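Here's the structure we're looking at; comments come further down.
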Amino acid sequence: MNFSLEKSDPHCAARAGSFTTAHGSVLTPIFMPVGTQGTVKGIFHRDLTQDIHAQIILGNTYHLYLRPGLDILRRAGGLHGFSGWQGPLLTDSGGFQVFSLAACRKLTAEGCRFASHIDGSKHLFTPANVIDTQRIIGADIMMAFDECPPSTAPYDYASRSLDLTLSWLDRCMEQYARTECPYGYHQALFPIVQGSVFEDLRRRSARAVVEYDACGYAIGGLAVGEPADVMYSMIEVCNDILPTSRPRYLMGVGTPINILEAIERGVDMFDCVMPSRNGRNGMLFTWQGVINIRNAKWADDFSVLDPSGSSFVDTAYTKAYVRHLNICGEMLAAEICTMHNLAFYLNLVTTAREHIINGDFKVWKDEMVVQLARRL
RNA sequence: GCCUUGUUAGCUCAGCUGGUUAGAGCACCUGACUGUUAAUCAGGGGGUCCUAGGUUCAAGUCCUUGACAAGGCG
């Protein structure tokens, strides 16, 4: 995997670039739709590629390990063969699940013992077996196994958590070095910077991960409850240290405004459940602001969903109709709203990329963050 | 015509022997959602307890009258 910079913004840290994987290349900045269980919920691959113009999607080690399980995935030729998705694929390591399933887990130096949320069965994730699992899934980009502490974690906890994550990273890297992709192509492994909201921990973490000279680096543990400006300053702290010659991936972020602010600070890759989950819950992101399509005010609004939208759904359906579908709980509502939001997010980063290349990103971005904050 | 049962929120219904400010589900309105355990979750508005009398310190609850509904008997 190689990353090349096409243009760096002279006024800020924003940059436009691209990287290649065995399953295709990706233009950055990029947003990666989340497909936790091997599917971007409710969306066909055809629409993902041809309508939304997704270039790379996510899968999740935790979920795919539990179902369908490694035996099926191996025999299917990995998630590509299993799901039919032929584009680039990134898998999260399950580190976030260690955080979000905190109620039923036990952290040790060895790894994390947890009970399946499906049937309660007991399992152990270790840095090494998480790499093995991602090898079997066949992800083009694998993620290191980390712990994601809550934003409310005190300094001591965050510091010890970082130590644990760094020791796990070392073992992830060892396992990465001694194994190969079972399907014969190259798989990258991204370390993850942690350190919660503490600048010195973030610096320590960033300096440590850079030592591994990885294909790319992720910033994790943000957008977990801390104020947005704290997140932005943490991104700056990390990106001051992470090399400009590698893609930087801000994990789990975020709102359209979060994404523009992070692009300005030199982030290249994003993923977030927000466009898909919030879409299923009736929230639509547009250039003019946010719409709750379930609100009564849209009941007799027969204008198209989003005249400036880039998906076919934006002009194929009216607001009143999409509200009706939402109110009735029709599955098409979730599909239309997810399509719209993902297309918007992809359009957002594509447009940002164009402005970076044109050299007017900063001006454009400052206008956008005002518009995007509005509620319609 | 007689008998029985019923009438409580927009809908379907809980409310034990009378006792704080009459509840639920759904519907409606609004909000939340950031490396998905989420087509989810939270909050809010909404009542002449069928009518009219009566008993009682106190009635959705007991008694009487009428209206309406369902079922049964003629």
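Just so it is clear, the structure is predicted and the values come from calculations on it, not from any experiment.
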Discussion item. Taking 4.0 Å as the cut-off, does a side-chain nitrogen or oxygen of A:R294 come that near to OP1 or OP2 on B:rC33?
Written reply: no
Discussion item. When the P atoms of B:rG15 and B:rA24 are compared, how many Å lie between them, rounded to an integer?
Written reply: 15 Å
Worksheet item: Between atom CD1 in A:I235 and atom P in B:rU34, what is the gap in whole Å?
Response: 16 Å
Worksheet item: What is the distance from CD of A:Q97 to P of B:rU37, rounded to the nearest Å?
Response: 5 Å
Discussion item. Can you say whether a donor on the side chain of A:E147 sits under 3.5 Å from an acceptor on the base of B:rG35, or the other way round?
Written reply: no
Item to complete: Take atom CD1 of A:I257 and atom P of B:rC33, then tell me their distance rounded to the nearest Å.
Response: 13 Å
Worksheet item: Just how far, in rounded Å, is P of B:rG35 from CD1 of A:I141?
Response: 17 Å
Discussion item. Is there a side-chain contact between A:N295 and the phosphate of B:rU30, meaning an N or O under 4.0 Å from OP1 or OP2?
Written reply: yes
Discussion item. Counting only side-chain nitrogens and oxygens, does A:N60 get under 4.0 Å of the OP1 or OP2 atom of B:rG35?
Written reply: no
Discussion item. Roughly how many Å apart are B:rG19 and B:rC63, using the P atom of each and rounding to a whole number?
Written reply: 15 Å
Practice prompt. Take the protein atom OH of A:Y62 and the nucleotide atom C1' of B:rA38, then report the distance between them rounded to whole Å.
Written response: 14 Å
Worksheet item: Which one is paired to B:rU5, where only Watson-Crick or G-U wobble pairs with both distances under 3.5 angstrom count?
Response: B:rA69
Worksheet item: A:F31 CZ to B:rG35 P: how many Å, rounded?
Response: 9 Å
Discussion item. Judged by each residue's nearest nucleotide on RNA chain B, which is more toward the 5′ side, A:N278 or A:V40?
Written reply: A:N278
Practice prompt. Answer yes or no: does a side-chain N or O of A:R323 lie under 4.0 Å from OP1 or OP2 of B:rC29?
Written response: yes
Worksheet entry | Paired nucleotide for B:rG25 [Watson-Crick or G-U wobble; both distances under 3.5 Å] | B:rC11
Practice prompt. Measure from CZ on A:R280 to C1' on B:rU34 and round the result to the nearest Å.
Written response: 13 Å
Worksheet item: So what's B:rU64 paired with, Watson-Crick or G-U wobble, going by both distances under 3.5 Å?
Response: B:rA52
Fill in: Test applied, side-chain contact (heavy atoms from CB on, under 4.5 Å); reference residue, A:L222; option that passes from A:V230, A:N258, A:V193, A:L250
A:L250
Practice prompt. On RNA chain B, check which nucleotide each of A:L222 and A:K297 is closest to and give me the residue with the more 5' one.
Written response: A:K297
Discussion item. Please give the distance between the C1' atoms of B:rC29 and B:rG54 as a whole number of Å.
Written reply: 42 Å
Worksheet item: Side chains of A:I192 and A:I219: does their closest heavy-atom pair fall under 4.5 Å?
Response: no
Worksheet item: Between B:rG31 and A:N292, is there an OP1 or OP2 to side-chain N/O distance shorter than 4.0 Å?
Response: yes
Worksheet item: Out of B:rG35, B:rU36, B:rC29, which nucleotide sits closest to the side chain of A:S276?
Response: B:rU36
Worksheet item: Parallel, tilted or perpendicular: which describes the rings of A:W287 and A:W364, with under 30° parallel and over 60° perpendicular?
Response: perpendicular
Worksheet item: Can you tell me the Watson-Crick or wobble partner of B:rU30, both distances under 3.5 angstrom?
Response: B:rA42
Worksheet item: When hydrophobic residues are tied together by side-chain contacts of less than 4.5 Å, even through go-betweens, does A:F344 share a cluster with A:L376?
Response: yes
Worksheet item: At their closest point, which heavy atom of A:L260 faces which heavy atom of A:A352, and how far apart are they?
Response: CD2-CB, 4.3 Å
Practice prompt. Send over the distance from A:M143 CE to B:rU36 P, rounded to a whole Å.
Written response: 11 Å
Worksheet item: Given B:rU36, B:rA39, B:rU34, which nucleotide is nearest the side-chain atoms of A:M331?
Response: B:rA39
Fill in: Residue of the set A:T244, A:T28, A:I263 for which side-chain contact (heavy atoms from CB on, under 4.5 Å) holds with A:R15
A:T244
